[in-house]
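Throughout, a chain's letter reflects where its sequence line sits, starting with A, and its residues are numbered from 1.
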Protein chains: 2
Amino acid sequence: MRMTGETNAAAGPVGLRQLKKQRTYEAISDAAIALFLERGFEKVSVAEVAAAAEISKPTLFRYFPAKEDLVLHRFADHEDEAARVVADRPGGHSPLAALRARFLEGLTRHDPVTGLNDAPEVLAFHQLLYGTPSLVARLYAYQDRSERALADALDGGPLEARLAAAQILAVQRVLALENWRRVDAGERARDIHPDAAREANRAFDQLGSGLPRYA
Amino acid sequence: MRMTGETNAAAGPVGLRQLKKQRTYEAISDAAIALFLERGFEKVSVAEVAAAAEISKPTLFRYFPAKEDLVLHRFADHEDEAARVVADRPGGHSPLAALRARFLEGLTRHDPVTGLNDAPEVLAFHQLLYGTPSLVARLYAYQDRSERALADALDGGPLEARLAAAQILAVQRVLALENWRRVDAGERARDIHPDAAREANRAFDQLGSGLPRYA
DNA sequence: CACGCTTATGATTCTCAGTATCAAATGTTA
DNA sequence: TAACATTTGATACTGAGAATCATAAGCGTG
């Protein structure tokens, strides 16, 4: 009754409707990002995006609450990642150890969220992102939700947890920004990696000595 | 030649033009905040603000780059405050000691930026601010500039300084937010003060143990 | 397969933020 | 007072996003 068993294992009822929704969602997102990369975020109107995706403007806004989310929805997936890493950490591991491992792993995987990725498309995407003030502004909203989620996942008093979450995410943000800065300056991700890993370890050591409860 | 010596000691040429500019600036800001407090940020159009300030809409935008700045321009003054506190600290004091002293002082002064102020107008202003997503979003932009400025004022490598600045400002932000939360919940600023000071000291101790270079 | 039921879409219209243009007004300087 | 520079307002425009309502499409039941 509950399991249709038809296609993938992820979500609930996978009817035709849901399928089309997903397709439309990605069609809009793809059309939008292609246009934005080509001509810049502000030079493309949502009407053009809607036309390219072959839908109407109201429909576009039913899928994405704001123009900025056409770009940023990818970050929504990572919104509670830090919180999940802490919540799902194997027994015996501290929150900071789990987060550090995750970040270093992201570095070696050249995960775009670590900034350490010099694939032309990723670079172009980051330039689009950091080069558009309204996108950066909205990105902070995502980070705020991350912070709240991480604070919830950390034990200790609410204030203590929130202070820790804020510092941890601030550090991760700066580390990723630095990696992106170097990639943007022309260095190759592979070459940066050792520095990036060293700096990340240093920063997490620092966090640990400031936040012994979570180390 | 440089000093007109006519009125105040701050800026350069104080002609009639500059004077009127300042008057207009404050007339717009006052009209805007009064209307926003009365009816909410989103329920008031910039056209109404312009009408209340007896200027045209284009003129309004010559004074304020965006509607949000009608509320947030007050924070622009504090934008490089942390950086200044560090740069101007008396010899022998560490950056963190100077910032801690400044924050504690703000607490006893019930400085609105510490969140510890229960004057009805201040409370209403904070409710307006934190209750309006677009204002919060734009507030982060100010904090980003604060972070950059503070990083510049701190010694050490650029990355090290930026990491420290990010953590310091994250902590101050959370401390202020917590104070505001309690004030908003109905507690009196005077009653909160001891807790606020204790938590601030605890947090700065923590920062110091994580960032010994700046302690 | 046909029937209602629910949900997604599109066409249209509207509000409002922010920009551009240009002429009129006002402060400044010689 | 005359020439100059700057500020302002009237007007019109672009683009984001919400609202309305009718149509279409997927979905469950006979």
Inset, instruction - Figure out the CG/P separation between A/Leu35 and D/dG15, and round it to whole Å. - result: 14 Å

Inset, instruction - Using a cut-off of 6.0 Å, state whether more than 12 heavy atoms not belonging to B/Glu54 lie near its atom CD. - result: no

Legend entry - Comparing B/Ile55 and A/Glu68 on DNA chain D - which has the more 5′ nearest nucleotide: B/Ile55

Do any N or O atoms of the protein come closer than 3.5 Å to N or O atoms of nucleotides 1-8 of chain C, and which pairs are they?
from: C/dT6; atom 1: O2; to: A/Arg17; atom 2: NH2; distance (Å): 3.1
from: C/dA8; atom 1: OP1; to: A/Lys21; atom 2: NZ; distance (Å): 2.6

Inset, instruction - Provide, to the nearest angstrom, the distance between the NZ atom belonging to B/Lys43 and the P atom belonging to C/dC16. - result: 12 Å

Inset, instruction - For the residue pair A/Ile33 and A/Arg74, establish whether any side-chain heavy-atom pair is separated by less than 4.5 Å. - result: yes

Legend entry - Side chains of A/Trp180 and A/Val122 in contact at under 4.5 Å (non-hydrogen atoms): no

Legend entry - Closest-nucleotide ordering on DNA chain C, the 5'-leading residue of B/Glu42 and A/Leu60: A/Leu60

Inset, instruction - Please confirm whether any donor atom in the side chain of B/Lys57 sits under 3.5 Å from an acceptor in the base of D/dG9, or the reverse. - result: no

Legend entry - Any B/Lys20 side-chain N or O less than 4.0 Å from OP1/OP2 of C/dG27: yes

Legend entry - Centroid-centroid under 6.0 Å between A/Tyr142 and A/His78 rings: no

Inset, instruction - Considering non-hydrogen atoms only, spot the tightest contact between A/Val174 and B/Arg162 and give its length. - result: CG1-CG, 3.6 Å

Legend entry - Integer-rounded Å distance: C/dT26 P and B/Arg23 CZ: 17 Å

Legend entry - Among C/dT26, D/dA10, C/dA17, the one nearest B/Pro58 by side-chain distance: D/dA10

Inset, instruction - Classify the side-chain pair A/Tyr63/A/Asp69 by whether it contains a donor and acceptor separated by less than 3.5 Å. - result: no

Inset, instruction - Give A/Val44 one of three labels, base, sugar-phosphate or nothing, depending on what nucleic acid heavy atoms sit under 4.0 Å from its own. - result: sugar-phosphate

Legend entry - side chain to side chain donor-acceptor pair (under 3.5 Å) involving A/Thr108 - partner list, sequence neighbours excluded: none

Legend entry - Distance, rounded to the nearest Å, where B/Glu54 contributes CD and D/dT7 contributes C1': 17 Å

Legend entry - Rounded interatomic separation in angstrom, taking CZ from A/Phe61 and P from D/dG15: 13 Å

Legend entry - Between C/dG18 (P) and B/Lys67 (NZ): distance, integer Å: 8 Å

Inset, instruction - Quickly work out the B/Asp69 CG to C/dG18 C1' distance and round it to whole Å. - result: 13 Å

